[in-house]
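Side chains included, hydrogens not; waters and symmetry mates left out as well; all remaining heavy atoms used. Chain letters run A, B, ... following the sequence lines, proteins first, then strands; residues in each count from 1.
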Amino acid sequence: MGPRVVYIEELRDHVGDEVTIRGWLFNRRSSGKIRFLIVRDGTGFLQCVATAKDTEPQSFELCERLPQETSLVVIGTVRADPRAPGGYELLLSRLQPVQVPEGQFPITLKEHGVGFLMDHRHLWIRMRRQFAILRIRDAVLWAVREFFKREGFVATECPVIVGTQVEGTTTLFPLDYFGEPAYLSQSGQLYLEATCMALGKVYWIGPAFRAEKSKTRRHLTEFWMAEAEAAYFDHEDNLALQERLVRYVVEYVATERRRELEFLGRDATKLLAEVKGPFARVTYAEAVRIVNGRGVPMEYGDDFGAPAEDALSGHFGKPIFVERFPAKIKPFYMKRAPDDPSVVLCADLIAPEGYGEIIGGSQRVDTEEELISQLREYSLPLEPYRWYIDLRKWGSVPHSGFGLGVERTIAWICGVRHIRETIPFPRMLDRLYP
RNA sequence: UCCCGGGUAGCUCAACAGGCAGAGCAGCCGGCUGUUAACCGGCGGGUUGGAGGUUCGAGUCCUCCCCCGGGAGCCA
């Protein structure tokens with residue numbers, strides 16, 4: 001048995017010790033009699049230093065030959081050295097290859113085009129930038145779970161195969177369910193409304209599918225949403241909850257993943273400043289005026305396009321709730337404002353810096369009469385929604401909820417322009433491989 | 001679906017007005033005891049996305065198709 005096996009992220013506690021690291025060869029450099037290996041192990045990257053004096057001869061020889069992405073076990077002494085990236089390095093005693101690649105690894109440390117990288121996504125995720133983003137993704141999802149746990153929400157699940165269309169079939173992926181038409185869910189919301197009447201405050205993190213043929217940096221056909229629904233929550237409770245969630249997530253990531261944010265060139269201080277104070281809050285009508293005032297044409301009744309969202313986020317420099325949209329451009333399940341039935345008690349949360357809408361939420365229709373009349377207004381059939389209507393017959397209460405777009409949130413926190421890098425294997429229009 | 005841009009070596013790109021298809025990196029060989037995408041010297045590397053057309057001659061011009069990227073609409 002060799003020295004104790006440790007992970008790179010634990011090295012600060014092992015300075016002076018001889019340890020074993022199991023990982024992959026990320027890069028190597030040589031200056032003749034001194035050779036440097038960069039080894040990664042999933043928790044970080046480590047510089048290993050090999051010299052003829054300190055390193056066992058056969059291992060020293062291998063340092064000059066092993067190709068990129070060789071899986072290997074390295075044994076050496078941990079030491080702190082300011083010349084090492086990360087501050088710690090391993091003085092290599094010996095190494096043992098696990099598997100040596102025959103050819104050259106497709107992804108080098110040089111430039112590559114996006115198309116090439118996407119075709120090699122299964123290997124691309126081993127590179128430093130992707131490593132940082134995916135570890136931030138992990139932190140975002142943990143933060144969401146921790147937040148809801150603290151707020152007393154119950155974790156639950158929604159079906160992914162559904163028979164009901166939420167708003168028209170064009171955005172749904174159809175499925176043959178033993179001869180019955182079925183779809184991949186575009187949101188768990190309707191089911192969450194049922195579940196919150198049983199468990200009070202509920203949330204789930206699950207996939208959502210949109211068959212829309214959109215081709216932008218903000219869209220995936222398969223993406224993840226953190227959805228919450230709470231009985232007895234009105235519109236105001238809903239916004240307060242969302243604001244606490246977003247602030248919690250950002251503060252959590254800024255603390256737990258500072259190193260990764262730094263690597264991405266993201267200024268954690270700026271992020272924290274953006275969520276520190278109360279979020280901006282405007283009505284849809286005010287938002288339209290602001291957008292117009294910044295030179296982006298749009299009329300009352302239009303939905304916000306990407307340029308309009310960018311204009312808004314540029315105006316405030318912090319997250320913005322846009323409330324009270326015209327009912328006509330929002331789905332059937334949103335509750336009308338009591339003082340103005342042409343608008344609904346909803347809000348979209350627009351992220352700062354042009355990252356777009358990260359939350360959509362609303363107070364829901366809670367009476368059977370309203371619900372049936374709105375389904376009719378939207379020309380939707382009542383039959384598939386029978387169970388949903390049923391909820392309004394048996395102790396219906398005011399309730400509200402929202403869905404947070406996980407990838408857009410990660411893109412904003414990471415400061416990456418395209419959300420395809422925020423999920424291990426993005427599904428997009430014309431992108432099903434790998 | 002629409003509007004742009006592109007497809008040349010393993011990768012990133014160049015090639016004037018139609019006239020011998022090139023560079024950097026990667027790879028291989030050699031050098032270097034503190035490298036940071038290391039550096040220095042040498043070597044090999046091509047059905048120019050596909051099909052057809054114009055021409056003495058096509059990477060370059062024309063037609064169709066395929067693929068990729070950027071943006072729009074729709075949304076989280």
Decide yes or no, distance alone: a donor-acceptor N/O pair under 3.5 angstrom between the base of [N] and the side-chain of [X].
X: A:R65; N: B:G27; result: no
X: A:E89; N: B:G34; result: yes
X: A:R408; N: B:C75; result: yes

Euclidean distance, A:R129 CZ relative to A:C414 SG, rounded to 0.5 Å: 8.5 Å
What is the distance from atom CG of A:N238 to atom CZ of A:F321, rounded to the nearest 0.5 Å? 8.0 Å
Which listed nucleotide ([options]) is nearest to the side chain of [X]?
X: A:E64; options: B:C32, B:C74, B:G34; value: B:C32
X: A:S31; options: B:U1, B:A37, B:U33; value: B:U33
X: A:E357; options: B:G34, B:A76, B:C75; value: B:A76
X: A:S30; options: B:A37, B:C32, B:G34; value: B:C32
X: A:K110; options: B:C25, B:G73, B:U35; value: B:C25
X: A:D430; options: B:A76, B:C68, B:G34; value: B:C68
X: A:H219; options: B:C75, B:G69, B:A37; value: B:C75
X: A:L220; options: B:A76, B:A72, B:G34; value: B:A76
X: A:R217; options: B:C32, B:G71, B:U35; value: B:G71
X: A:T108; options: B:A26, B:U33, B:A72; value: B:A26

Roughly, in whole Å, what's the span from [atom1] in [X] to [atom2] in [N]?
X: A:R431; N: B:G70; atom1: CZ; atom2: P; value: 10 Å
X: A:L184; N: B:C75; atom1: CG; atom2: C1'; value: 17 Å
X: A:L245; N: B:A76; atom1: CG; atom2: C1'; value: 14 Å
X: A:D54; N: B:U33; atom1: CG; atom2: P; value: 15 Å
X: A:L429; N: B:G69; atom1: CG; atom2: P; value: 10 Å
X: A:M334; N: B:A76; atom1: CE; atom2: C1'; value: 12 Å
X: A:H112; N: B:C68; atom1: NE2; atom2: C1'; value: 17 Å
X: A:L123; N: B:A26; atom1: CG; atom2: P; value: 19 Å

Could you pick out which residue, A:F105 or A:G360, lies toward the 5' side of RNA chain B when each is mapped onto its nearest nucleotide? A:F105
On RNA chain B, check which nucleotide each of A:W224 and A:D119 is closest to and give me the residue with the more 5' one. A:D119
[atom1] spacing across the pair [N] / [M], given as an integer number of angstrom:
N: B:A23; M: B:G46; atom1: C1'; result: 14 Å
N: B:G10; M: B:G27; atom1: P; result: 15 Å
N: B:C43; M: B:C16; atom1: P; result: 27 Å
N: B:C39; M: B:U33; atom1: C1'; result: 14 Å
N: B:A15; M: B:G59; atom1: C1'; result: 8 Å
N: B:C11; M: B:U48; atom1: P; result: 15 Å
N: B:C2; M: B:G45; atom1: P; result: 44 Å
N: B:U60; M: B:A51; atom1: P; result: 13 Å

For [X], report the nucleic acid contact type (base, sugar-phosphate, nothing); a contact means any heavy atom under 4.0 Å.
X: A:T409; answer: nothing
X: A:A52; answer: nothing
X: A:F116; answer: sugar-phosphate
X: A:E227; answer: nothing
X: A:H418; answer: sugar-phosphate
X: A:R128; answer: nothing

Are the ring of A:F223 and the base ring of B:A76 both nearer than 5.5 Å at their centres and tilted by less than 30°? yes
Centroid separation [X] to [Y] less than 6.0 Å:
X: A:Y284; Y: A:Y300; result: yes
X: A:F45; Y: A:F131; result: yes
X: A:F304; Y: A:F325; result: yes
X: A:F209; Y: A:F223; result: no

Taking NZ, NE, NH1 and NH2 as the nitrogens, is one of them in A:E262 or A:R266 under 4.0 Å from a carboxylate oxygen of the other? no
Tell me whether the NZ or CZ atom of A:R244 lies within the 45° cone about the ring axis of A:F147 and under 6.0 Å from its centre. no
Going by atom types only, do A:E421 and A:Q130 share a side-chain donor-acceptor pair under 3.5 Å? yes
Going by atom types alone, do A:E212 and A:H219 pair a side-chain donor with an acceptor below 3.5 Å? no
What is the ring orientation for A:H122 with A:H120, classed by angle as parallel under 30°, tilted 30 to 60°, or perpendicular over 60°? parallel
Using a cut-off of strictly less than 4.0 Å, decide whether A:R129 has a side-chain nitrogen or oxygen near OP1 or OP2 of B:A37. no
How would RNA chain B look in dot-bracket form, 5' to 3', counting Watson-Crick and G-U wobble pairs with both distances under 3.5 Å and writing | for bases paired to another strand? (((((((..((((.....[..)))).(((((.......))))).....(((((..]....))))))))))))....
